[in-house]
Amino acid sequence: QVQLVESGGGLVQPGGSLRLSCKASGGISGIYNMAWYRQTPGKQRELVATITRDLTTSYSDSVKGRFTISRDHAKTSVFLQMNSLRPEDTAVYYCYAAIRVHFQRDDYWGQGIQVTVSS
C-alpha cells in the first residue's frame with residue numbers, strides 16, 4: 001500500500017527551472033534514504049541525486065551545481081530543484097525511497113514523471 005507520487009514535471013526551455021516533488025504515503029513506519037533517478041529511451045536508469053535521513057546529499061557529476069535535492073520528514077516528501085536545465089536533462093524522472101513498513105524495509109519507486117527541456 002506504500003505509494004510514491006511525483007509531481008512538478010513538464011516542458012521547460014533550456015536554461016529554465018523546474019521543481020519536482022514526490023510524496024510517500026500508505027502504512028509508512030519510517031523513511032530512510034531517498035533519491036531521484038532518471039531514464040531516457042535506450043539508456044539505463046541513472047542516479048541523479050540522493051539524500052539521507054540526516055540530510056547528507058550526493059549528486060551525479062552531470063547535475064552537480066545545477067540541481068538540489070531536499071526532503072521534508074513531516075510531509076514524507078522529497079524534492080528536486082532543477083536549475084539551468086539542458087536538453088540532455090530530458091528524461092522520465094523517478095522518485096525512490098527506502099521505506100519501513102512494520103518490520104520490513106524495502107525499496108519503493110514512483111511511477112515516473114516526464115521532464116522535457118526543449119526550445
Side-chain angles (χ1 to χ4, degrees):
Q1 62 179 312
V2 171
Q3 186 178 35
L4 303 182
V5 179
E6 301 108 331
S7 61
L11 175 65
V12 66
Q13 293 183 331
S17 297
L18 284 174
R19 178 177 164 88
L20 303 183
S21 299
C22 172
K23 181 173 177 60
S25 62
I28 297 170
S29 299
I31 303 179
Y32 303 92
N33 288 352
M34 305 185 84
W36 289 95
Y37 289 72
R38 66 187 182 187
Q39 188 169 24
T40 57
K43 296 180 64 178
Q44 190 68 261
R45 188 169 297 185
E46 172 192 12
L47 178 62
V48 176
T50 63
I51 184 165
T52 67
R53 187 171 176 83
D54 68 356
L55 306 184
T56 299
T57 59
S58 181
Y59 300 91
S60 68
D61 288 340
S62 62
V63 308
K64 197 172 301 179
R66 299 188 297 121
F67 291 11
T68 302
I69 189 170
S70 61
R71 67 191 290 173
D72 186 326
H73 293 292
K75 296 183 183 296
T76 64
S77 296
V78 62
F79 310 94
L80 186 67
Q81 178 66 46
M82 304 184 293
N83 299 326
S84 302
L85 283 162
R86 305 165 180 169
E88 53 263 41
D89 294 318
T90 296
V92 176
Y93 283 71
Y94 295 89
C95 176
Y96 162 87
I99 296 176
R100 179 167 57 86
V101 179
H102 302 302
F103 60 90
Q104 297 183 166
R105 184 160 68 178
D106 291 305
D107 299 333
Y108 293 88
W109 294 88
Q111 79 286 350
I113 189 165
Q114 180 70 46
V115 171
T116 302
V117 185
S118 176
S119 299

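For the single chain, residues carry numbers from 1 onward in sequence order.
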Problem set entry | By salt bridge (charged side-chain N to carboxylate O under 4.0 Å, His left out) - contacts of D61 (at least two apart) |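 Testing D61 for salt bridge (charged side-chain N to carboxylate O under 4.0 Å, His left out), a comparison that skips the adjacent residues, returns K64.
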
Is any side-chain heavy atom of [X] closer than 4.5 Å to a side-chain heavy atom of [Y]?
X	Y	answer
L4	I99	yes
I28	Y108	no
I31	T76	yes
W109	R45	yes
L85	F67	yes
L55	H73	yes
V12	S17	no
V117	M82	no

To the nearest 0.5 Å, how far apart are [atom1] in [X] and [atom2] in [Y]?
X	Y	atom1	atom2	answer
L80	T68	CG	OG1	8.0 Å
Y94	C22	OH	SG	13.0 Å
Q114	T90	CD	OG1	7.0 Å
S29	R105	OG	CZ	12.0 Å
R71	D54	CZ	CG	9.0 Å

For this session: Take L47 and S60 through the test side chain to side chain contact (heavy atoms under 4.5 Å, CB included) and record every step on the way to the result.
Result: CA-CA 7 Å; L47 178 62; S60 68; over 6 Å; no

Exercise. Under the ring pair (Phe, Tyr, Trp, His ring centres under 6.0 Å) test, which residues partner F79, sequence neighbours left out?
Worked result: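 For F79, no residue satisfies ring pair (Phe, Tyr, Trp, His ring centres under 6.0 Å) once neighbours in sequence are set aside.
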
Report whether [X] and [Y] are members of the same hydrophobic cluster (ILVMFWY, side-chain heavy atoms less than 4.5 Å apart, transitive linking).
X	Y	value
I113	V92	no
I51	W36	yes
V2	Y37	no

Exercise. Do R38 and Y93 meet the criterion of a side-chain donor-acceptor pair at a distance under 3.5 Å?
Worked result: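 Yes, because at least one side-chain N or O of R38 sits under 3.5 Å from a partner of the opposite role on Y93.
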
For this session: Verify side chain to side chain contact (heavy atoms under 4.5 Å, CB included) between E46 and S62, making sure each step is shown before the conclusion.
Result: CA-CA 11 Å; E46 172 192 12; S62 62; 3.5 Å; yes

Can you check whether [Y]'s main-chain N or O pairs, donor with acceptor, with [X]'s side chain at less than 3.5 Å?
X	Y	answer
R53	M34	no
Y59	I69	yes
E6	C95	yes
K75	K23	no

For this session: Only one of N83, D89, V115 passes side chain to side chain contact (heavy atoms under 4.5 Å, CB included) with L18; say which it is.
Result: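 Passing option: V115.
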
For this session: Count the heavy atoms belonging to other residues, nucleotides or ligands that lie under 6.0 Å from CD of E88, then report whether that count exceeds 12.
Result: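 Result for CD/E88: enclosed.
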
For this session: Count the heavy atoms belonging to other residues, nucleotides or ligands that lie under 6.0 Å from CD of Q13, then report whether that count exceeds 12.
Result: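 Not buried by this count: 12 neighbours or fewer within 6.0 Å.
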
